[in-house]
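See below for the structure under consideration.
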Amino acid sequence: MKSKILIFSLATVCLTACNDGFLNTVPKTTVAEEAAYSTPAKILAQVNNLYGQLQNATFYGGRYIIFNEQRGDEFGQNDGNAATGSAVWNQNVASTNEFINNVWGAAYSAINASNVLMERLNGTTVVSVADAKLYVAEAKFVRALSYLALVQTYAKPYNVDKNALGVPLRLKAITTEGNNDLARSSVADVYAQIIKDLNEAEVDLPASYTTPLLNTARAKKSTAIALKTRVYLQQNEFQKVVEEAAKLVSKTAPFQYTTGSLTHRLETNIAAIFGGSYTGSEAIFSIPFANTTTETPPSQSSLAFTYVSQPILFLATGGIVSDPALTNVADARTGLIGTNSAGQKVLRKFNITTAPFRDYVPVIRYAEVMLNYAEAAAQTNDLSMAAALLKAVRNRSNPNHIFAETELTSKTTLLNLIFNERRIELLGEGFRLHDLQRRGLTLPAKTGSIGTAPLVLPTASNYIWPIPSGEISANKLMVPNP
């Protein structure tokens, strides 16, 4: 368990070429460290492996998104089986729980793979200086995204206590056993490192790639910028959210970002974004399952299986599914809601409902950036910009909807509308939990077929996940959460 959680077979895992055919890699194989970086093609395979780490079924390949929704209040749970995360939904997970350990292990595996790549590229002559800079920038993006998942999951929210214990900042490669001991950095320090990585990545990432799939699946400048808007929003750094979002969102409608052949904007038809292999203008970063031979997520880690095919999770009647926007057929998002044989409302965004379930997982969408911008604009008293962005998101799905003028000229009312629109627009994509936590709000009680999960106060120990037992066992400097 010790070696798996932190440095799981690093000689092979972190030096293994990934199977991601969509990035033009070589077949998966175990290779010696020197050989893994001996040619440009092999180095590119190690870069692709970083994205393979994110694709892990426990991580952004599905389960991490599902866990965040299970811990929020939009879904009830039908299945009491431990394998489906019933304890996660019940807000009752222990440090020994395999999910607690697996998410931690997957995130640190991605971080270490990034660290290994960056160290091996330092001074390399195998690839050009330009390519080395690009690959290091991609590694920094992967490391930043992974650290954000860790600090949001296992540490107190920044706005609750930024000086609380965060997670260990592992910034050096681990390629041998015996390097486990590292103390936890503060929440503030972890966020500072995330922003540092993203700022540096933005400089050396390309504006775009040559195909829509690569623009969706690999980090580019807009990817780093978009993630910064999310990170700064978590910190209530609203002016910085505005500054970053303004790089991607034009000052006036139609809101969009164009550089060369790449354009980001809202899709006219929201249904086009979901239900398969979407690589269009709204996808800033997604986890693809493009290689139909080798990339098949396990059923219970699949979003479509969890929300539709099983469904393990159904939409709770006390949640956002009862909002008029999702009961009014004039709003196209109602088409993403269905009813199962038990009469429960279910989310049909991810609707490849027969195995294999290869729906791409959206990690960053342009709609999120617009809503991040809208919230930050309202918080900085630019109500006209906030209102324009809110209306753009709503009117994409319901062109005839008109907000009352009094709703848009009151800061408090406008912010509440934006918070509500996030719940509607980003439903099932893993945002609700962190939106509650960043605002220091109670996790509401909820009801499912397996019973009732209690509310969780921000002061409660289960407001965040415990530090995994595997890490505590392997790391002598690790301090558990209270």
Side-chain angles (χ1 to χ4, degrees), residues 2-61 105-146 170-180 182 197 200-201 204-206 209-211 213-214 217-220 287-296 474:
K2 293 181 183 180
S3 62
K4 282 186 178 180
I5 296 302
L6 203 53
I7 56 171
F8 175 66
S9 302
L10 289 173
T12 57
V13 170
C14 294
L15 302 174
T16 296
C18 191
N19 239 341
D20 301 2
F22 65 90
L23 294 183
N24 303 315
T25 72
V26 297
K28 191 171 186 177
T29 183
T30 300
V31 292
E33 182 176 351
E34 292 299 325
Y37 296 90
S38 60
T39 69
K42 290 179 179 179
I43 290 177
L44 177 58
Q46 299 309 315
V47 177
N48 296 333
N49 179 51
L50 302 182
Y51 299 101
Q53 300 281 342
L54 296 178
Q55 194 190 55
N56 186 314
T58 294
F59 205 24
Y60 279 99
Y108 273 112
S109 180
I111 288 165
N112 196 60
S114 301
N115 291 340
V116 169
L117 180 70
M118 285 189 275
E119 289 189 12
R120 292 296 304 180
L121 289 177
N122 185 22
T124 185
T125 57
V126 177
V127 295
S128 67
V129 172
D131 280 347
K133 285 184 176 181
L134 165 60
Y135 298 159
V136 167
E138 290 182 88
K140 288 179 178 178
F141 169 80
V142 170
R143 185 168 72 179
L145 182 63
S146 300
R170 298 189 178 277
L171 305 178
K172 295 183 179 180
I174 302 174
T175 55
T176 60
E177 295 185 10
N179 295 286
N180 293 342
L182 183 65
D197 276 347
E200 292 174 358
D204 291 322
L205 286 171
Y209 293 96
T210 56
T211 68
L213 182 54
L214 293 181
R218 288 181 76 168
K220 52 197 178 299
I287 303 298
F289 295 95
N291 189 320
T292 58
T293 302
T294 60
E295 295 174 358
T296 301

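One-based numbering along the sequence shown.
For the salt bridge (Lys or Arg N to Asp or Glu O under 4.0 Å) condition, the pairs that include at least one residue of residues 129-139, sequence neighbours left out, are Glu138-Arg218. Residue pairs meeting the ring-ring contact (aromatic ring centres under 6.0 Å, His included) criterion with at least one member in residues 112-139: none, sequence neighbours excluded.
Side chain of Ser38 to backbone of Ala35: a donor-acceptor contact under 3.5 angstrom is found.
Residues Phe289 and Gly61 come closest through the heavy atom pair CZ-O, 3.5 Å. Across all their heavy atoms, Ala107 and Ser146 have their closest contact at O-CB, 3.8 Å. Contact record, Leu50 with Ala139: CD1-CA, 3.6 Å, taken as the closest heavy-atom pair. Here the closest non-hydrogen pair linking Leu214 and Thr210 is CD1-OG1, 4.0 Å. Taking all atoms of both residues into account, the shortest heavy-atom contact from Glu119 to Ala173 is OE2-N, 2.9 Å.
Taken to the nearest 0.5 Å, the OG atom of Ser114 stands 7.5 Å off from the CG atom of Leu54. With values rounded to the nearest 0.5 angstrom, Asn122 atom CG is found 10.5 Å from Arg120 atom CZ. In this structure, CG in Leu134 is found 5.0 Å from OH in Tyr209, a value given to the nearest 0.5 Å. To the nearest 0.5 Å, atom CG of residue Leu171 and atom CG of residue Asn112 are 11.0 Å apart. For the atom pair CD1 (Ile43) and CG (Asn48), the distance works out to 12.0 Å, reported to the nearest 0.5 Å.
For Ala144, the side chain to side chain contact (heavy atoms under 4.5 Å, CB included) partners two or more places apart in sequence, or in a different chain, are Ile194, Asp197, Leu198. Residues satisfying the salt bridge (Lys or Arg N to Asp or Glu O under 4.0 Å) test with Lys220, not counting sequence neighbours, are none. Looking at residues two or more places apart in sequence or on another chain, you find no side chain to side chain donor-acceptor pair (under 3.5 Å) involving Asp204.
Under the 4.5 Å side-chain criterion, counting only non-hydrogen atoms from C-beta, Tyr51 is not in contact with Pro288. At least one side-chain heavy atom of Leu182 sits under 4.5 Å from a side-chain heavy atom of Arg170.
Among Val127, Val126, Thr124, Leu117, the one residue that satisfies the side-chain contact (heavy atoms from CB on, under 4.5 Å) test with Tyr37 is Leu117.
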